[in-house]
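Reviewing the structure listed below.
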Amino acid sequence: MPELPEVESVRRSLVRARLSAEIRSVWRSEHALRTGTHWQDERLGLLRGATPLRWQRRGKHLLWRLRDREGDELGLLVHLGMTGRLEVAHRGEPRATHTHVELRLGDDRRLRFVDARRFGGVRARPWATLLAEPPLHELGPEPLDRSFDGAHLQAAAGASQRALRDVLLDQRVVAGVGNIYAVEALFVARLHPLLPAARLRPEAWARLAAAVREVIAQGLANGGTTLRDYVDAEGNAGRNQGALWVYGRAGEPCRVCGTPLRRFELGGRGGVLCPHDQAKPRGRAR
DNA sequence: ACGGTCTCCTGCTCGC
DNA sequence: TGCGAGCAGGAGACCG
């Protein structure tokens with residue numbers, strides 16, 4: 001489900017929960033999460049006896065940093081996929097359907113990972129290993145970091161024939177952008193989502209980078225976008241859905257020019273654009 | 001190396 | 001009201 005603003009909102013809600021007691025036990029459902037990939041994790045048992053240090057985030061990944069009884073640092077990596085969520089429960093609260101992992105803490109609270117579609121995943125590793133392995137090791141810059149700008153985007157994707165929308169979804173180019181914010185950023189930058197990256201002019205790359213920053217920062221300020229399932233660890237929905245320019249608004253008038261917005265499809269994943277403000281250039285580079 | 005397509009799952013919404 | 005189709009915010013695997 002979630003992209004950077006949603007994952008960061010979850011992280012903040014987890015910080016507010018102040019989970020500091022030692023992990024007493026680890027339970028998991030029989031259902032595998034992300035079978036056949038490096039997400040398949042049989043090592044959650046590492047967490048037993050570990051003490052939480054802090055919650056971090058990288059792109060769409062949540063990282064729980066812990067210290068085991070020997071004093072070594074461990075990490076729990078959580079990816080929420082499309083429908084995943086974390087929740088903090090007290091003793092006696094029943095597990096929601098599709099709960100796949102439950103960590104019981106020394107204060108009798110539980111941290112649960114719930115994911116209907118099972119596109120999400122969790123894994124535990126020594127901290128240094130976690131950072132050095134996929135999927136974290138080759139993530140691109142955070143969109144709100146100083147290193148993310150037009151020059152970076154151009155260097156990372158300027159020679160690519162891929163459509164701009166797909167370039168923004170590539171986590172190696174920029175970490176944390178998903179379909180909603182990619183589609184929103186392209187509107188803000190007034191660029192056509194299907195335009196091949198190699199046809200972009202240098203000044204347009206700067207505009208696109210600024211637009212990505214803008215929509216991500218706004219999503220963050222609004223606590224994330226809830227179109228369906230997304231809630232943070234306290235069960236709160238986001239408030240950014242009312243602020244979207246185009247996503248989910250196909251057929252409705254453009255907020256800038258009034259032209260009816262149009263749905264597009266690329267690689268089986270849809271999006272929305274304004275045919276007037278995001279006109280596709282013919283022949284010439286933009 | 002690159003880019004396009006398929007696939008993993010469940011649940012919700014929409015149209016008939 | 002019931003039912004099938006289509007769609008969903010992700011990303012790894014596979015194929016040409």
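Here is how names work: the chains are called A, B, and so on, in the same order as the sequence lines, proteins then strands, and each is numbered from 1. We use all heavy atoms of the structure for the numbers below, so side chains are in, but hydrogens, waters and symmetry mates are not. These numbers come from a predicted model, not from an experiment.
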Which residues pass the salt bridge (charged side-chain N to carboxylate O under 4.0 Å, His left out) test with A/Arg91, sequence neighbours left out?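 A/Arg91: salt bridge (charged side-chain N to carboxylate O under 4.0 Å, His left out) contacts with A/Asp108.
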
For A/Thr83 and A/Asp115, run side chain to side chain donor-acceptor pair (under 3.5 Å): C-alpha distance rounded to whole Å, both residues' side-chain angles, the deciding distance at 0.1 Å, then the answer. CA-CA 5 Å; A/Thr83 50; A/Asp115 185 3; 2.5 Å; yes

Between C/dG9 and B/dC14, how far apart are the two P atoms, rounded to whole Å? 16 Å

Determine the Euclidean distance between corresponding P atoms of B/dC9 and C/dC14; express it in Å to zero decimal places.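 The answer is 15 Å between these two P atoms.
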
According to the Watson-Crick and G-U wobble definition with distances under 3.5 Å, which dot-bracket string, read 5' to 3', encodes DNA chain B, using [ ] for crossing pairs and | for pairs with another strand? .|||||||.|||||||

Between [options], which nucleotide has the shortest distance from any of its atoms to the side chain of [X]?
X	options	value
A/His79	C/dA11, B/dT10, C/dC7	C/dA11
A/Arg263	B/dT10, C/dG10, C/dA8	C/dA8
A/Phe119	C/dG12, C/dG9, C/dG10	C/dG10
A/Lys60	C/dG9, B/dG3, C/dA11	C/dA11

Output the rounded distance in Å from CG (A/Leu195) to P (B/dG3). 14 Å

B/dC9 base / A/Arg117 side chain donor-acceptor hit below 3.5 Å: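 When only heavy-atom distances are counted, A/Arg117 does reach the base of B/dC9 through a donor-acceptor pair under 3.5 Å.
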
Quiz question: going by heavy-atom distance under 3.5 Å, is there a donor-acceptor pair between the base of C/dA8 and the side chain of A/Arg269? no

Judged by each residue's nearest nucleotide on DNA chain B, which is more toward the 5′ side, A/Arg228 or A/Ala159? A/Ala159

With respect to the phosphate group of C/dG9, does any side-chain polar atom (N or O) of A/Tyr181 fall under 4.0 Å of OP1 or OP2?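 For C/dG9, OP1/OP2 do not have a side-chain N/O of A/Tyr181 under 4.0 Å.
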
Would one find more than 12 heavy atoms of other residues, nucleotides or ligands at under 6.0 Å from atom NE2 of A/His276?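 Open: at most 12 neighbouring heavy atoms sit under 6.0 Å from NE2 of A/His276.
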
Would you mind listing every ring-ring contact (aromatic ring centres under 6.0 Å, His included) that reaches into residues 162-188 of chain A, with sequence neighbours excluded?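 For residues 162-188 of chain A, and leaving out neighbouring residues, the ring-ring contact (aromatic ring centres under 6.0 Å, His included) pairs sorted by first residue read A/Phe187-A/Trp245.
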
CA sep, side-chain torsions, deciding dist, call: A/Val78, A/Phe113, side chain to side chain contact (heavy atoms under 4.5 Å, CB included): CA-CA 9 Å; A/Val78 180; A/Phe113 177 73; 3.9 Å; yes

